[in-house]
There are 2 protein chains.
Amino acid sequence: MSNDEFCEVQFINGRVVAEVRTRMLDDGLLLRVADIFKILGDPTRVRILHALSLREMCVCDLSALLEMSQSAVSHQLRILRNARLVKYRREGKVVYYSLADEHITKLIKVGVEHASE
Amino acid sequence: MSNDEFCEVQFINGRVVAEVRTRMLDDGLLLRVADIFKILGDPTRVRILHALSLREMCVCDLSALLEMSQSAVSHQLRILRNARLVKYRREGKVVYYSLADEHITKLIKVGVEHASE
DNA sequence: TGAACATATGAACAAATGCTCATATGAGCA
DNA sequence: TGCTCATATGAGCATTTGTTCATATGTTCA
């Protein structure tokens, strides 16, 4: 696929494009990066993750804390589970969720720093 | 609004919820955090930001690099502009975009680190 | 075993999103 | 001024997303 299909200009150097392309990270990797950020890009999930960074919690407590239905919280927890951002343990009828690792805390932290500017 | 509306359980302590609530970051802040991550949560925008972290580029070159229409790139650049993640300068007919600051580079970097696991 | 409860999940639906297409804007140049 | 080109933007549309509602699953306990 030639550049001409997208850009008909001559004087804008294709060499610049080619040079940058060699230094670009793999598209698949950048896609995974976007996937992670997409998961973090929802207020409910951010609040859940932040709450879990303070303390392990069960679904019911999270639901009360966030003032959201148990179903809504559960649906979001599934998304976080599938993305391996949280882990959980069952204790009788109650399921306790916590962050999968400190990496997540760091991600949230960097986001908070940026938002606090 | 009582917890009961969302959680009828007695033995799951409301004190835990109350205690965590006092330590929770402000909801408005967490909303802004989610907003930033939402913007980073799209492959096109991540690729644009990553490219700009390597070099200042014009719309046309970005379009060629990403093999996307000029219109699509321009639309995404507007979103990035509104979020103050990129800045731009005009040079004749050409508009050059670059990252607003190194904060953005750091955000992307942390995301890449996570995705590289 | 059967009732009660914490959690999970499927279907449905409204809202948000990202692209395309057509067109507008704005700058350089003949 | 009129033409060309780089960029911006509005409308339309298909897809994705987050919630609710209803219901299923799985565990405890009488």
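Reminder, nothing fancy here: chain letters follow the sequence lines and each chain counts from 1.
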| Whichever of A:G92 and B:V59 has its nearest DNA chain D nucleotide further upstream toward 5' | B:V59
Atom-to-atom span, [atom1] of [X] to [atom2] of [N] - whole angstrom:
X     : N      : atom1 : atom2 : answer
A:D61 : C:dC5  : CG    : C1'   : 14 Å
B:R90 : D:dT7  : CZ    : P     : 8 Å
B:Y88 : C:dA27 : OH    : P     : 12 Å
A:L77 : C:dA8  : CG    : P     : 7 Å
B:E67 : C:dT20 : CD    : P     : 13 Å
B:N82 : C:dA16 : CG    : P     : 17 Å

| request: Tell me what B:Y97 touches on the nucleic acid: a base, only sugar-phosphate, or nothing, going by heavy atoms under 4.0 Å. | output: sugar-phosphate
| query | Can you tell me how far CG of B:L31 sits from CZ of A:R47, rounded to the nearest 0.5 angstrom? | reply | 9.0 Å
| task | Measure the spacing between CZ of B:R55 and OG of B:S98 and express it to the nearest 0.5 Å. | result | 12.0 Å
Distances under 3.5 Å between protein N/O atoms and the N/O atoms of nucleotides 16-20 of chain D, please, pair by pair.
| from | atom 1 | to | atom 2 | distance (Å) |
| --- | --- | --- | --- | --- |
| D:dG18 | OP1 | A:R45 | NH2 | 2.8 |
| D:dG18 | OP2 | A:R45 | NH1 | 3.1 |
| D:dT19 | OP1 | A:T44 | OG1 | 2.7 |
| D:dT19 | OP2 | A:Q76 | NE2 | 2.6 |
| D:dT20 | OP2 | A:S69 | OG | 2.9 |
| D:dT20 | O4 | A:H75 | NE2 | 3.2 |

| request: Establish, with yes or no, whether the OP1 or OP2 oxygen of C:dG10 is under 4.0 angstrom from a side-chain nitrogen or oxygen of A:R78. | output: yes
Proximal nucleotide (of [options]) relative to the [X] side chain:
X     : options               : value
A:Q70 : D:dG10, C:dA8, D:dA8  : C:dA8
B:K93 : C:dA8, C:dA27, D:dA8  : C:dA27
B:R81 : D:dT9, D:dT28, C:dG28 : D:dT9

| query | Are the charged groups of A:E19 and A:R15 less than 4.0 angstrom apart, N to O? | reply | no
| task | Using both distances under 3.5 Å as the test, list the Watson-Crick or G-U wobble partner of C:dA30, or none. | result | D:dT1
| said: Could you check whether B:H103 and A:E117, counting side-chain N and O atoms only, form a donor-acceptor pair closer than 3.5 Å? | reply: yes
| field | Pair B:R81-B:Y97, side-chain donor/acceptor within less than 3.5 Å | value | yes
| request: Please check if the side chain of A:S63 supplies one atom and the backbone of A:M68 the other of a donor-acceptor pair under 3.5 Å. | output: yes
| query | Under 3.5 Å, is there a donor-acceptor pair between the side chain of A:S74 and the main chain of A:S71? | reply | no
